[in-house]
Amino acid sequence: MIAVMFTLQKKEPDVYTDTMIRGLCTSLFSAGTDTILADTEWAMSLLLNHPAALKKAHAEIDRCVGTSRLVSAEDLSRLTYLQCIIRETLRLYPAAPLLLPHQSYADCKIGGHTIPSGTMLIVNVYAIHRDPNMWEDPMKFKPERFEDGKAEGLFMIPFGMGRRKCPGEAMALRTIGLVLGALIQCFYWNLVDSVEVDMTERGEEFVIHKAVPFEALCKPRAPMYDVLKRL
Ligand code: HEM
């Protein structure tokens, strides 16, 4: 990407300045790392507190991928329960719970309210994803709600929508799928002293993080020893 930017800089130096290129790289790094980290940590925490879901994910990976190799990007579309776990995590803990602030450039009406141009609009995705009028048991972690297209038509926008929607969505879903898939495939996971993982949110930043970092006990799964040794 940087190479492309430098090529463009030769043609349009006033647009593609060093500052602009540096700014773009910085925003990609910050937008692409903290978000994925936060949602992977939430997903692991949810799984530790819901061992039946973890067991089901283990079984699915064993059935679809086996134990002779690591889960790969090509496997992800077949790991439908893993996808449900990721979607349910993004519903409960959308990494950017208020999206990014938007500003109306023209007068408009939203839900009968007149919004003058230049107004900052903040979308509370966190509240939308937990709306009891839309979701059954909205506070419960139930990946099954996404199975067999059951949640089709239900409004979920962890990556925003429209022209300024997150451009990293596909990369994020693939990365979370691979990391989560490999962690489930390679290890047995257990709570520390049988105490449930603390799900308190830190809450004061743009990205929703855990107040208490994720801690768990893990042990390599015997059938995966060979794969782990080759890493
Ligand atoms: C779980 C992971 C991620 C989540 C939940 C997430 C969520 C979001 C959200 C909600 C927005 C604002 C959309 C809006 O206001 O309508 C956004 C914007 C953005 N995201 Fe992501 N994101 C994730 C991962 C990534 C990754 C991996 C990248 C790139 C490598 C990335 C790059 C960006 C950029 C550049 C923007 C600004 C887009 C613009 O303003 O036009 N994000 N993301």
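All ligand and atom numbering here is 1-based and tracks the order in the structure.
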J.: Give me the nearest non-hydrogen protein atom to atom 41 (O) of ligand 1 as residue plus atom name, then the distance to 0.1 Å.
T.: Arg164 NE, 2.7 Å
J.: Nearest 0.5 angstrom please: Phe159 CZ to Leu173 CG, how far?
T.: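 Going from the CZ atom of Phe159 to the CG atom of Leu173 covers 4.0 Å.
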J.: Out of Asp14, Asp18, Thr17, which residue meets the side chain to side chain donor-acceptor pair (under 3.5 Å) rule with Gln9?
T.: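 Exactly one candidate clears the test, Asp18.
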J.: What is the closest protein heavy atom to atom 1 (C) of ligand 1, and at what distance does it sit?
T.: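 Of the protein heavy atoms, Asp39 OD2, 3.6 Å lies nearest.
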J.: Taking non-hydrogen atoms only, is Leu100 closer than 4.0 angstrom to ligand 1 via side chain, backbone, both or neither?
T.: both
J.: What do the steps show when you test Asp198 against Lys210 for salt bridge (Lys or Arg N to Asp or Glu O under 4.0 Å), and what is the final call?
T.: CA-CA 8 Å; Asp198 187 319; Lys210 293 183 85 251; over 6 Å; no
J.: State the count of protein N/O/S atoms located less than 2.8 Å away from atom 21 (Fe) of ligand 1.
T.: 1
J.: Closest approach of Glu201 and Trp42, non-hydrogen atoms and distance?
T.: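 Scanning both residues, the minimum pair turns out to be CG-CH2, 3.7 Å.
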J.: Looking only at atom types and distance, does a side-chain atom of Ser104 sit under 3.5 Å from a main-chain N or O of Pro116, one as donor and one as acceptor?
T.: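 Flag set: sc Ser104 to bb Pro116 pair under 3.5 Å.
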J.: Measure the distances from the heavy atoms of Arg163 to every atom of ligand 1 and state whether one is below 4.0 angstrom.
T.: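 Judged by the 4.0 Å heavy-atom criterion, Arg163 does not count as contacting ligand 1.
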J.: Is it true that Arg221 and Asp62 make a salt bridge, defined as a side-chain N closer than 4.0 Å to a carboxylate O?
T.: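 So Arg221 pairs with Asp62 through a salt bridge.
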J.: Please list the nearest protein heavy atom to atom 7 (C) of ligand 1 with its residue and the distance rounded to 0.1 Å.
T.: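 Scanning the protein heavy atoms, the shortest distance from atom 7 (C) of ligand 1 goes to Pro158 O, 3.6 Å.
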J.: Going by the order shown, which atoms of ligand 1 are within less than 4.0 Å of some heavy atom of Met171?
T.: 30 (C)
J.: Which residue owns the protein heavy atom closest to atom 29 (C) of ligand 1, what's the atom, and how far is it?
T.: Leu28 CD2, 3.9 Å
J.: Mark yes or no: Arg130 above the aromatic ring of Tyr93, with NZ or CZ under 6.0 Å from the six-membered ring centre and no more than 45 degrees from the axis.
T.: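 Judged by the rule (NZ or CZ under 6.0 Å from the ring centre, within 45° of its axis), Arg130 counts as positioned above Tyr93.
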J.: Say you draw a straight line from CG of Leu98 to CZ of Phe206; how long is it, rounded to the nearest 0.5 Å?
T.: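 If we round to the nearest 0.5 Å, Leu98:CG and Phe206:CZ are 8.5 Å apart.
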J.: Among Arg145, Lys150, Lys140, which one satisfies salt bridge (Lys or Arg N to Asp or Glu O under 4.0 Å) with Glu88?
T.: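 Answer after filtering Arg145, Lys150, Lys140: Arg145.
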J.: Give a yes or no answer on whether the side chain of Glu60 reaches the backbone of Lys55 with a donor-acceptor pair at less than 3.5 Å.
T.: no
J.: What protein heavy atom lies closest to atom 14 (C) of ligand 1? Include the residue and the distance to one decimal.
T.: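 For atom 14 (C) of ligand 1, the nearest protein heavy atom comes out as His102 NE2, 3.3 Å.
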J.: Heavy-atom contacts with Ile36 under 4.0 Å: which atoms of ligand 1 show up? List them by number with element.
T.: 27 (C)
